[in-house]
Amino acid sequence: MTNVYLVGFMGAGKSGVGTVLAGRLGRIFVDLDVSVEARLGMTVREIFECCGEDGFRAAETAELERTTARRDLVVATGGGAFAREANRELIRSSGGVSVFLDTPWDVIRERLGSSDPERPKWSNGARDLFLARRGDYRRADIRLQLTGGERPAEVAEAICVRLAELPCAC
Ligand code: S3P
């Protein structure tokens with residue numbers, strides 16, 4: 001078994017799909033942001049406020065590294081995690097499979113609304129960030145092009161089909 005890492009922009013559906021997928025695969029679900037928050041005893045917003053984005057990214061990478069000690073996880077990463085080469089390398093070198101939930105911009109904007117204090121990177125400039133990160137997300141092993149209208153169970157099913165096509169025993 002190898003860990004499955006869901007990657008993609010904020011609001012792409014990683015946590016919802018990850019929960020269902022973990023149930024289907026009989027694995028443990030990990031939301032990386034929740035793990036970071038639990039370890040530091042602060043919300044993501046508080047971490048950004050106290051330690052800056054660099055502090056958050058360091059904690060995120062440390063938490064990601066912890067997941068690589070196991071092989072039975074479905075991990076929903078934060079939207080910025082897979083945009084960093086060091087994190088991609090951690091996933092790759094540990095044998096993890098990365099899955100890009102490619103949700104359209106309009107759907108994401110609709111889901112997240114005009115502002116979200118718990119998402120410090122969600123702002124007016126988020127569309128530029130969305131476009132800038134696409135190239136990174138596309139490095140994932142699997143890309144699922146979504147309309148945004150799928151139920152999490154349907155996306156999880158599509159991921160299972162794609163995982164079964166891979167040569168590894170995921
Ligand atoms: C971030 C996305 C968030 C969280 C943090 C930074 C980003 O996770 O990790 O606010 O840089 O895109 P979600 O993708 O779960 O919102």
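The figures here come from the full heavy-atom set of this structure, side chains too, leaving out hydrogens, waters and symmetry mates. Residue indices begin at 1 and follow the sequence shown. As the structure lists them, so they are numbered: ligands from 1, and atoms in each ligand from 1.
- The environment of E110 atom CD is sparse: at most 12 non-hydrogen atoms of other residues, nucleotides or ligands sit within 6.0 angstrom.
- In this structure, R45 has no heavy atom closer than 4.0 Å to ligand 1.
- The pair R92-E85 meets the salt-bridge criterion, with a side-chain N (NZ, NE, NH1 or NH2) lying under 4.0 Å from an Asp/Glu carboxylate O.
- Contacts with ligand 1 closer than 4.0 Å are made by heavy atoms of both the backbone and the side chain of M10.
- Taking every heavy atom of R57 and a limit of under 4.0 angstrom, the matching atoms of ligand 1 come to 6 (C), 7 (C), 11 (O).
- A salt bridge does not link R162 with D141: every distance from a Lys NZ or Arg NE/NH1/NH2 to an Asp or Glu carboxylate oxygen is 4.0 Å or more.
- Close N/O approach between T77 and ligand 1 is not found [any backbone or side-chain N/O within under 3.5 Å].
- Comparing heavy-atom distances from atom 1 (C) of ligand 1 across G79, A12, G13 singles out G79 as nearest.
- Clustering ILVMFWY residues whenever any of their side-chain heavy atoms sit less than 4.5 angstrom apart, transitively, puts F130 in the very cluster that holds F100.
- Taking 4.0 Å as the cut-off between side-chain N and carboxylate O, R109 and D106 count as a salt-bridged pair.
- Annotation: atom 14 (O) of ligand 1 to nearest protein heavy atom, K14 NZ, 2.6 Å.
- For the pair R119 and ligand 1, the shortest N or O to N or O distance falls below 3.5 Å.
- The nearest protein atom to atom 12 (O) of ligand 1, hydrogens excluded, is given as R133 NH1, 2.7 Å; this is a heavy-atom distance.
- Salt bridge annotation for E60-R84: absent, with no cationic side-chain nitrogen under 4.0 angstrom from a carboxylate oxygen.
- Under the side chain to side chain contact (heavy atoms under 4.5 Å, CB included) test applied with K14, the options T19, L101, V155, D33 reduce to a single match, L101.
- At a heavy-atom distance under 4.0 Å, no atom of W122 approaches ligand 1.
- Per-residue contacts place P120 under 4.0 angstrom from the following atoms of ligand 1 (heavy atoms of the residue considered): 10 (O).
- Between Y137 and S98, the side chains place no donor N or O within less than 3.5 Å of an acceptor N or O (distance only, hydrogens not considered).
- Heavy-atom proximity to D33, at under 4.0 Å, picks out these atoms of ligand 1: 3 (C), 4 (C), 8 (O), 9 (O), 13 (P), 15 (O).
- The nearest protein atom to atom 5 (C) of ligand 1, hydrogens excluded, is given as V44 CG1, 3.8 Å; this is a heavy-atom distance.
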